[in-house]
2 protein chains.
Amino acid sequence: MDTLLRTVGEPRRCEIIRLVWSDELAAAEIASHFPDVTRSAISQHLGVLRRSGLLNERRDGTRRLYTVNQGELAKLKAFIDSFWTTSLEKLRDLAESSEQMKGHE
Amino acid sequence: MDTLLRTVGEPRRCEIIRLVWSDELAAAEIASHFPDVTRSAISQHLGVLRRSGLLNERRDGTRRLYTVNQGELAKLKAFIDSFWTTSLEKLRDLAESSEQMKGHE
DNA sequence: TACTTGCGTAAGTAGCAACTAACGTAATCA
DNA sequence: TGATTACGTTAGTTGCTACTTACGCAAGTA
């Protein structure tokens, strides 16, 4: 989870995920969305995203096409969601223990 | 959103959020959960979290008590969720435009 | 008042991470 | 075969960031 957090914590990588969310894009197409940095920088970001499991790579001739592994990002989503659900569980546990208290009254 | 992402992208800060999610804790209590780093390091993390708007501070004597600003974290949750909803919207737009196509056939 | 507690802050450092420039490489095409 | 395209990778640099140490400061306490 730490790896996932760190990977998405970089704004450009987050933007890349958004770019290839529903469209399969080649590395150069992705890089063209970031005119302020070199293609090499984007290639390295793609490497980080790939190793984190957030991006899938498919080869087509000399091109490399990327898509999002939505399941991996879903883990992050579930992690964020868990902040809310755990507090609900705490409330439920509290309710249960007070029920037990009543039983012993 | 970049600030929010960067703030949460640091594992210790993420853990701090979890700690004070449902319990109001003093700085020293939070620091005691991280025996491997100094209290100062945690204090600086608390500063980052506070400036990002993720934590609320309340003073009680010499102590400073922290709680999570859940609304701010909800923004991050909404951002992550938006990855899925925007793709749904794209499908909806696609469906609408193909409806228009049918009308012009 | 002096001392202690509980904290933030400033200064300085070490390590990492994002970047550029240069190079290597597989696939394609002339 | 040589040239080109579309990439990744390596080496080296710079800047940031998480950290420690030292200090400052307000609020209690003897």
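Just so it is clear, the structure is predicted and the values come from calculations on it, not from any experiment. Order of the sequence lines fixes the chain letters, A, B, ..., with proteins taken first and strands second; residue numbering starts at 1 for each chain.
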Novice: Is there a side-chain polar atom (N or O) of Y66(A) under 4.0 Å from OP1 or OP2 of dG8(D)?
Specialist: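 Answer yes for this pair, as a side-chain N or O of Y66(A) is under 4.0 Å from OP1 or OP2.
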Novice: At under 4.0 Å, does any side-chain N or O of R12(B) touch on OP1 or OP2 of dC19(D)?
Specialist: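 Yes, such a contact exists.
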Novice: Run the numbers on S82(A) and R18(B) for side chain to side chain donor-acceptor pair (under 3.5 Å), then give the verdict.
Specialist: CA-CA 10 Å; S82(A) 75; R18(B) 189 171 281 285; 3.1 Å; yes
Novice: Holding to salt bridge (charged side-chain N to carboxylate O under 4.0 Å, His left out), I want the full list of residues that pass it with R13(A), two or more places apart in sequence or in another chain.
Specialist: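 Applying salt bridge (charged side-chain N to carboxylate O under 4.0 Å, His left out) to R13(A) gives none.
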Novice: Minimum heavy-atom separation for L4(B) and S52(B), please, with both atom names.
Specialist: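 Between these two residues, the closest heavy atoms are CD1-O, 4.0 Å.
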Novice: Over all heavy atoms of both residues, which pair between I17(B) and V68(B) is shortest? Give the atoms and the distance, please.
Specialist: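 Scanning both residues completely, I find the closest heavy atoms to be O-CG2, 3.3 Å.
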Novice: With respect to the side chain of R13(B), which nucleotide from dC7(D), dA18(D), dC19(D) is positioned closest?
Specialist: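 Nearest to the side-chain atoms of R13(B), counting from C-beta on, is dA18(D).
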Novice: Please find the pair of heavy atoms, one from R63(B) and one from A26(B), that lie closest to each other, and give the distance.
Specialist: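 Heavy atoms of R63(B) and A26(B) come nearest at NH1-CB, 4.1 Å.
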Novice: Using a strict heavy-atom distance below 4.0 Å, which residues from residues 30-53 of chain B are in contact with DNA chain C?
Specialist: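 Nucleic-acid contacts, sorted: R39(B), S40(B), S43(B), Q44(B).
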Novice: What is the 5' to 3' range of DNA chain C, first to last nucleotide, that sits under 4.0 Å from any heavy atom of chain A?
Specialist: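 Terminal contacting nucleotides, 5' to 3': dA18(C) to dT28(C).
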Novice: Walk me through it: do E15(A) and R12(A) pass the test salt bridge (charged side-chain N to carboxylate O under 4.0 Å, His left out)?
Specialist: CA-CA 5 Å; E15(A) 180 62 22; R12(A) 273 190 238 275; over 6 Å; no
Novice: Determine the minimum heavy-atom distance between C14(A) and V8(A), stating which atoms define it.
Specialist: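 Taking every non-hydrogen atom into account, SG-CG1, 3.7 Å.
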Novice: If I take atom CG in residue D60(B) and atom C1' in nucleotide dA27(D), what distance separates them, rounded to the nearest angstrom?
Specialist: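 In whole Å, dA27(D) C1' and D60(B) CG are 11 Å from each other.
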Novice: Check this for me, if you would: do K77(B) and D81(B) make a salt bridge, where the nitrogen-to-carboxylate-oxygen distance has to be below 4.0 angstrom?
Specialist: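 A salt bridge is present here (some side-chain N lies under 4.0 Å from a carboxylate O).
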